[in-house]
There are 4 protein chains.
Amino acid sequence: MTDKIHVETSVKDESLIEIRRKQIIRAGVNLFREKGFHRATTREIAKAAGFSIGTLYEYIRTKEDVLYLVCDSIFNEVIDRLSHFPTKPGTIESLKEAIRQYFLLIDNMLDEFTIMYQETKSLPKEAMQYVLSKELEMVAIFQKMIADCVENGVLDLNEKELFLAANHLAVQGQSWAFRKWAMKHRYTIEEYIELQTNLFLNGVLHFRN
Amino acid sequence: MTDKIHVETSVKDESLIEIRRKQIIRAGVNLFREKGFHRATTREIAKAAGFSIGTLYEYIRTKEDVLYLVCDSIFNEVIDRLSHFPTKPGTIESLKEAIRQYFLLIDNMLDEFTIMYQETKSLPKEAMQYVLSKELEMVAIFQKMIADCVENGVLDLNEKELFLAANHLAVQGQSWAFRKWAMKHRYTIEEYIELQTNLFLNGVLHFRN
Amino acid sequence: MTDKIHVETSVKDESLIEIRRKQIIRAGVNLFREKGFHRATTREIAKAAGFSIGTLYEYIRTKEDVLYLVCDSIFNEVIDRLSHFPTKPGTIESLKEAIRQYFLLIDNMLDEFTIMYQETKSLPKEAMQYVLSKELEMVAIFQKMIADCVENGVLDLNEKELFLAANHLAVQGQSWAFRKWAMKHRYTIEEYIELQTNLFLNGVLHFRN
Amino acid sequence: MTDKIHVETSVKDESLIEIRRKQIIRAGVNLFREKGFHRATTREIAKAAGFSIGTLYEYIRTKEDVLYLVCDSIFNEVIDRLSHFPTKPGTIESLKEAIRQYFLLIDNMLDEFTIMYQETKSLPKEAMQYVLSKELEMVAIFQKMIADCVENGVLDLNEKELFLAANHLAVQGQSWAFRKWAMKHRYTIEEYIELQTNLFLNGVLHFRN
DNA sequence: TATGAATGAGCTTTCATTCAT
DNA sequence: TATGAATGAAAGCTCATTCAT
């Protein structure tokens, strides 16, 4: 995996850094959702975070650092949550449950997901590479789950089909975030989960027909 | 459908307007792809279009107009191409062909698609509404094709399943644009089309199992 | 008197020049009144005059030429009108009549007067000198009238008092244009004329008391 | 009276605001006198004020704010000075003294007065209303003085005559500013004051003759 | 550590003027 | 003569970043 980016600080107190960064991230998420990365000003971020512009710059180096912190924090949360489903691996049931948890997670973090996928391109190259590697890490979790099913014999997919299926899941989840404007009048999140799960599982179960 | 937005001009010669707007759109696509809407300057756009900043502003009123022109032109091309498949409607074959054409279209217009979905939020409200309505129009084309299959008895889907399936196609196509960085090392476009088509068709053919 | 400024033209046909200039002046008056000299654009002037921007520049050299043409035309009209009162010079009655005509003239040309006194400073130096000399010419008409009265023995003023009195008249007339916002709710033009005339005549009649 | 306009600031330190605003006003007066409001650039204003363009915009929001600050400051000074004449009200002597002080004040603030009356129209509507209300406030001071004389029986004027007389004073003072180019070769300020005072007092003393 | 005033490069947009047709 | 598309200098304003306190 690409290495984590180090965001430089003038402050030494590690626990203070963590507190401030959480404030910064929360402020960033709210503002970027509202007006996008470019239209949000550092002054606004500092104000929303509850301190002065000077203090903000004690904890970051550039405005893009804020975006990076936001993206990093979102991915970490997603990966963390996906990694801890207490399920029996290698069964259709566990796959269903993972999909469900992932979709619910997205529904809970709509703003964060939207920001992440719309503003990633504004990151500096290095940071973008890192974020993309995180994205792959997330896909890898689905890959692993599906692979377990294949190993268990409940699914029959080759390498290429497997990776496509994992991506498919990742994308269909995200599309709930991006296309909610078109979806929310037609489906509850539960309906959406059920239908998407059906569509997906029927697709992969009969891939070779 | 939401009404088309009128972009004001100081120039009277309609054919000249068309020529210049095409230049502007081409310049916009290239620059927005390269650096995104916010980092591209109007001066750069003018230069890339081959004329002066003053001339640019004879054909648009604000920078956002350029983004709108780009988005509008892309959707018009997509909808135009999708609307003219010479196929027998209501058969799986024709659906396959449509999917294939759509995916190939996206592969040909990777930059345009990427821009459209990443920068739409930077459009002024009215223009955004219009672009979203175009998006729905595109989805509606798939809806119609699938509905024809249902009517013909080759597919069995209810309203909700049908809309979801149509969205599914739209999204999977787009994801070729957004995730090509992760895909291109594993699949050719032809492979991608074949696998996605299989996954989709198997999913919808067995929706109720 | 300072020499008249020559506004250069590419056009040879003198009668055409006159026609176009009249159009330009009318357009200038309307626009300058509405938005001031600086906020009115040459495009707007051309359009209001009924021809293209290119044609406008066939009859003037710079935007300031338009202002000069406007100011020149106004002063010429004022001086022309003031010079042709059919009155017996050297009597209080004729002075009263002149004041009356001057004030009525201003009431008829409110826009023009307002423009002239508010935008004069935007003229190029040479043109400004000329316009100021026209202003003095106007004052000189009043000087002459008052001087006639002095000669006739109906008024008793020395040089300095006489010039001041003439200026006084010029200014009180203009102030009807500038302060109409404060005056119009309290006086009709006829009332204003009567009161100002009284105030002035009583002042000069008893200057030495 | 129309409410004072609030000019927004990003700076919190009130005493610093006052210092900087004074610098801005001084710079504004000098530049507007020299080249007029429209020809003076914000960069020039900032430079003349002694700081950067960025700093200028920490203390104002638009260029028009500078004009407003200038006009407001002038009127406040005028009204302040006029309000504090230590005279016995209701006598011709006190009226003479007030006229004298007002004319001297204008002679001291020639630039300021010229700017104020030539550029007021460039103010945004709200600010213009406010400035005009200040103008009326100034006239009201003269109204009050003359009214005191009427009450004391030393002058005999009705409502309409009184308001006209007060305006007369205001205007004759201003005309020293506007027409100094024509006056200064003929009168010292002291002569001008004496002659204008005579003219005015004789006018009002014999209004009914 | 925290503050916020100061900075100035750089942005979008306007508009007087020109000149080929 | 008349046209109007093209030009680009110059304007107002923003905002990421710094640094003295």
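As the structure is a prediction and not an experimental result, all values here were calculated from the model. Throughout, a chain's letter reflects where its sequence line sits, starting with A, and its residues are numbered from 1.
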Whichever of D:L16 and B:A40 has the more 5' nearest nucleotide on DNA chain E, that residue is D:L16
Original post:
Across the strands shown, which category fits C:A46 at heavy-atom distances under 4.0 angstrom: base, sugar-phosphate, nothing?
Top reply: nothing
Rounded to the nearest 0.5 angstrom, the CD-CZ distance for D:E44 and D:F32 is 10.0 Å
Looking across every strand, which nucleic acid part, if any, lies under 4.0 Å from C:T55 by heavy atom: base, sugar-phosphate, or nothing?
base
Per atom distances to the D:S52 side chain, the nearest of F:dA16, F:dT3, E:dT7 is E:dT7
Is A:Y59 close enough to E:dA2 that one of its side-chain N or O atoms is under 4.0 Å from OP1 or OP2 there? yes
Exactly one candidate in D:H38, D:R39, D:Q118 meets side chain to side chain contact (heavy atoms under 4.5 Å, CB included) with C:S122; the answer is D:R39
Using Watson-Crick geometry (N1-N3 plus N6-O4 or O6-N4) or G-U wobble (N1-O2, O6-N3), each under 3.5 Å, F:dT14 is paired with E:dA9
Among the nucleotides F:dG12, E:dT17, F:dA16, whichever has the atom closest to the side chain of C:I53 is E:dT17
With the side chain defined as heavy atoms from C-beta on, A:K63 is closest, among E:dT1, E:dT18, F:dA16, to F:dA16
Ranking F:dT17, E:dT7, F:dA5 by distance to the side chain of D:E58, first place goes to E:dT7
When rounded to whole Å, the CG to C1' distance for the pair A:L56 and E:dT1 reads 14 Å
Separation of E:dT1 atom P from A:I17 atom CD1, nearest Å, is 8 Å
Going by atom types only, do B:Q23 and B:R26 share a side-chain donor-acceptor pair under 3.5 Å? no
5'-most contact on DNA chain F (nearest-nucleotide basis), C:F51 vs D:H38, goes to C:F51
note: A:K47, atom NZ; E:dT3, atom P; distance rounded to Å ~ 14 Å
Original post:
So what does C:R39 touch, heavy atoms closer than 4.0 Å: a base, only the sugar-phosphate, or nothing?
Top reply: nothing
**Message:** Once you apply a heavy-atom cut-off of 4.0 Å, does C:T42 come out as touching a base, just sugar-phosphate, or nothing?
**Reply:** base
On DNA chain F, more 5' by nearest nucleotide between B:K12 and B:R43 is B:K12
- Task: Determine, stepwise, if the pair D:E126 / D:Y68 fulfils side-chain hydrogen bond (donor to acceptor under 3.5 Å, both in side chains).
- Result: CA-CA 10 Å; D:E126 214 189 354; D:Y68 171 72; over 6 Å; no
Rounded to whole Å, CZ of D:R20 lies from C1' of E:dA5 at a distance of 8 Å
The residue, B:T62 or D:D13, whose nearest nucleotide of DNA chain E is more 5′ is D:D13
*Which class fits the ring pair A:Y59 and A:F51: parallel under 30°, tilted 30 to 60°, perpendicular over 60°?*
tilted
Query raised in the report: Does a donor on one side chain sit under 3.5 Å from an acceptor on the other, for B:T9 and B:R21?
Result: yes
B:R61 CZ to E:dC15 C1', in whole Å, measures 16 Å
Re F:dA2: Watson-Crick or G-U wobble partner, both distances kept under 3.5 Å, found to be E:dT21
**Prompt:** So what does B:S10 hit on the nucleic acid, given a heavy-atom distance under 4.0 Å: a base, only sugar-phosphate, or nothing?
**Reply:** sugar-phosphate
Rounded to whole Å, the CG-P distance (A:L31 to F:dC15) equals 13 Å
B:K35 atom NZ is separated from E:dG10 atom P, nearest whole Å, by 12 Å
Rounded to whole Å, the CD-C1' distance (D:E8 to F:dC13) equals 15 Å
Point to revise | Phosphate OP1/OP2 of E:dT13 contacted by B:Y57 side-chain N/O (<4.0 Å) | key: yes
